[in-house]
Amino acid sequence: MRRRRGDVGRIGLLGRAVRPHLPLFVADVLTGMAFFLCAVIPGLALRDFLNDLPDDATAWALPLAPLLAYLGFKTAEAVGAAAWMAVDTVFRYRVYHDVRVRLTERLLRRPGALPPPVPTGDVLSRYREDTVEVAEMLGKRGVQLVTSSVVTSAVTVGFLFGISLRTTLLAVLPTFGIAVIAFVASRRIKELQQHARQTAGDVSAFLRDCFAGIETIKVNDAGEHVVGRVRQINDRRRHAAVRSGVFGGILASSQSIVIVLGTALVMWVSAAEIRDGRFQVGDFAYFVYALGTFGTLVDAVGKLVSRFQRFSVTGERLREVLPTGRLRDLGEPTPELPAPVAVRDDHAAGQAGVRAPGAARDEPEPRAADDHPLLEVQGLRYDHPGGRRGVHDLDLTAGAGELVVVTGPVGSGKTTLLRVLQGTLPRDDGSVAVRGLTLPPGVAMAPPLMSLTPQAPHVFSDTLATNVLLGRPRPALADVLAASTLDRDLRRVPDGADAQIGPQGHRLSGGQLHRLAAARMLAHPADVLLIDDLSASLDVETERLLLDNLLSRSRGSVLVVVSNRASVLDRADQVHRLVPGP
């Protein structure tokens, strides 16, 4: 996906992720460097120990100081490893937290009725796996590993130069060769990482759809087909993971190649010098010891190249699910939603006032004018993606206590209208005002302005009471259950309102689910109550009783319902008939 204007790139995202935790990041870097530099001292101690070893030395006459120094610094290295792991873990998990919280906040800002840009299972895969890559790129498996390895290698090369310039140049030659190969292979690494990540997301997305549609699979005897499909996409995932793993393993094995080739070159160059006494045994041992440092550097560079390409794929995948398509959203605090603003006096032209960008959130909210109707809609328009007509040029004015019925054939846009009124679909033009207050397009009106009972309400795998209240005080439960007529059903249910309703409410009938949503709406009172398909799964008598209760409780509100039943249309104060668009 192409970067949008004003967005940041991959490096910019890393910088913004580090900024809130800069002191901890610096501590992480310094701790890592100290840990790696601890490995330099034992090699020097070993060199001095072997160079100072007398020809006729016995086991009781060995120089103990270098040996004790070697053991002491190895102990310090172990302590440093533990300290680095502790600091790095805290840093990485703080970055995880920030990125995931901001991604969650941004995803929740998407218009609620718009489908996600990728399957839900794939969204979860990106949330779970791709966000981790941002922190891993900065931690001890990414940038910090290379930084510490480079510093240690530079210090080591300085000591080696002091011993033999020619031998040092030959010893580090394989290191540069492997590094060049790693950079040349970076494009192929990215392709393999992208394919592996995409196939993993395909598996998650398909499994999520399978579990959500288990009833459809069973009633159509499609289990064998589903298993075959799972096997097929999982095979693609396995093949992609194997190719990516093999390619990464080849680069990882380069560390041993550096050590073997470097040792061979040191032995070849230094053999004559050792024989002539110009190159001591301790010097040779230190060169072999130092080759391990270069091997670590090669391994770190190879891992960084691989991880950076994986991180590049991560950036593209996260851009696809972010509502704005901008990576900078993951490195910045999520702005507050715009507050309702008073409709200007000249709102008759269909224009609603909007708070100026950057206005302080703690300013007093503008008060609605008393002469405004409770609900006023002017010039409302929404087109579905692809240009298909949704709602065009709708005008509606209603006062407190009015029943507004929206009717029309299937496909005429009744559900779309309610979603555009509340803002779960972003209107393309026009204004929607409640008590003289409106919100900019793309922001949903929530209680106490509007509340919506959808045609297919979502429920959680929890108790019925929790699903109704959603955070409201428990004392309100009995009243709203009675108003929704759901209390009569609960008398025959063990545990009553505390009964578990199961995933997707499978223990409730369609009519019970619809009345649960109505109870939820009444538990969150609003000035405008929207009900999509009041007659859904309800018999005539239950529908009449529910409508009576809603009207008696909404005398200070506007009730907007979708229905095609004559009994509802006869009681309406206003009827808006919609026709299918072209």
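Residue numbers run from 1 in the order of the sequence given.
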So the ring pair (Phe, Tyr, Trp, His ring centres under 6.0 Å) pairs with at least one residue in residues 96-121 (sequence neighbours excluded) are Tyr93-Tyr96
Evaluate Arg100 against Val132 for side chain to side chain contact (heavy atoms under 4.5 Å, CB included), listing each step before the verdict.
CA-CA 9 Å; Arg100 284 181 172 172; Val132 170; 3.2 Å; yes
Donor-acceptor pair between Thr199 and Arg236 side chains, under 3.5 angstrom:
no
Gap between atom CG of Leu417 and atom CG of Leu380 - 0.5 Å precision:
6.5 Å
Pair listing, salt bridge (charged side-chain N to carboxylate O under 4.0 Å, His left out) test, anchored in residues 14-31, at least two apart:
Arg16-Glu332
Identify the heavy atoms of Arg238 and Asp235 that sit nearest to each other, and give their distance.
NH1-OD1, 2.7 Å
Using atom types as modelled and distance alone, determine if a side-chain donor or acceptor of Lys414 lies under 3.5 Å from a backbone N or O of Gly408.
yes
Between Leu421 and Leu452, is there a side-chain heavy-atom distance shorter than 4.5 Å?
no
About how many Å separate OG1 of Thr424 and CG of Leu418, when rounded to the nearest 0.5 Å?
9.0 Å
Please round to the nearest 0.5 Å and tell me the distance separating atom CG of Asp383 and atom CG of Leu425.
11.5 Å
Test side chain to side chain contact (heavy atoms under 4.5 Å, CB included) applied to Leu470 and Phe460, step by step:
CA-CA 10 Å; Leu470 292 181; Phe460 303 93; 4.0 Å; yes
Is the Phe91 ring parallel, tilted or perpendicular to the His21 ring (thresholds 30°, 60°)?
perpendicular
Is there a side-chain contact between Thr415 and Val562 (heavy atoms, below 4.5 Å)?
no
One should read off an interatomic distance between Thr104 OG1 and Leu108 CG, to the nearest 0.5 angstrom, of 6.5 Å
When you measure from the side chain of Gln422 to the backbone of Ala444, do you find a donor-acceptor pair of N or O atoms at a distance under 3.5 Å?
no
For residues Thr314 and Glu129, determine if any side-chain heavy atom of one lies less than 4.5 Å from a side-chain heavy atom of the other.
no
Measure the CD-OG1 distance between Gln500 and Thr466 for me, rounded to the nearest 0.5 Å.
8.0 Å
In a table with atom names and distances, give each donor-acceptor pair under 3.5 Å that connects a side chain of residues 222-230 to protein atoms at least two apart or in another chain.
residue : atom : partner : partner atom : Å
Arg229  : NH1  : Gln232  : OE1          : 2.8

Within the 4.5 Å heavy-atom criterion, are Arg10 and Met137 side-chain neighbours or not?
no
Closest non-hydrogen atom pair, Val118 against Glu320
CG1-OE1, 4.3 Å
Side-chain donor or acceptor of His514 paired with backbone N/O of Gly510 under 3.5 Å:
no
Using the rule given for side chain to side chain contact (heavy atoms under 4.5 Å, CB included), can you reason through Arg520 versus Val459, listing the C-alpha separation, both sets of side-chain angles and the distance that settles it, and then say yes or no?
CA-CA 10 Å; Arg520 179 188 295 168; Val459 292; 4.0 Å; yes
Residue pair Phe311 / Glu136, side-chain heavy-atom distance below 4.5 Å:
no
Looking at Val29, Val18, Val87, which one forms a side-chain contact (heavy atoms from CB on, under 4.5 Å) with Leu24?
Val87
Closest approach of Arg106 and Pro323, non-hydrogen atoms and distance?
O-CG, 3.1 Å
Examine the side chains of Glu105 and Thr334 and answer whether a donor and an acceptor come within less than 3.5 Å of each other.
yes
Stepwise side chain to side chain contact (heavy atoms under 4.5 Å, CB included) check, Val134 with Asp98:
CA-CA 10 Å; Val134 180; Asp98 286 354; over 6 Å; no
Knowing that exactly one of Val90, Thr89, Val95 qualifies, which makes a side-chain contact (heavy atoms from CB on, under 4.5 Å) with Arg92?
Thr89
Heavy-atom side-chain contact between Leu145 and Lys140 under 4.5 Å:
no
Report yes if some heavy atom in the side chain of Asp202 is under 4.5 Å from a heavy atom in the side chain of Arg237; otherwise report no.
no
Taking all heavy atoms of Leu37 and all of Thr152, pick out the closest pair and write down the distance.
N-OG1, 3.8 Å
Which heavy atom of Phe36 sits nearest to which heavy atom of Ser148, and what is that distance?
CD1-CB, 3.4 Å
Under 4.5 Å between any side-chain heavy atoms of Met521 and Ser451, yes or no?
yes
Nearest heavy-atom approach of Ala17 to Leu138 is CB-CD1, 4.2 Å
Atom CD in Gln455, atom CG in Leu513: separation rounded to 0.5 Å?
12.5 Å
Output yes when Asp122 and Arg126 qualify as a salt bridge under the 4.0 Å nitrogen-oxygen rule, no when they do not.
yes
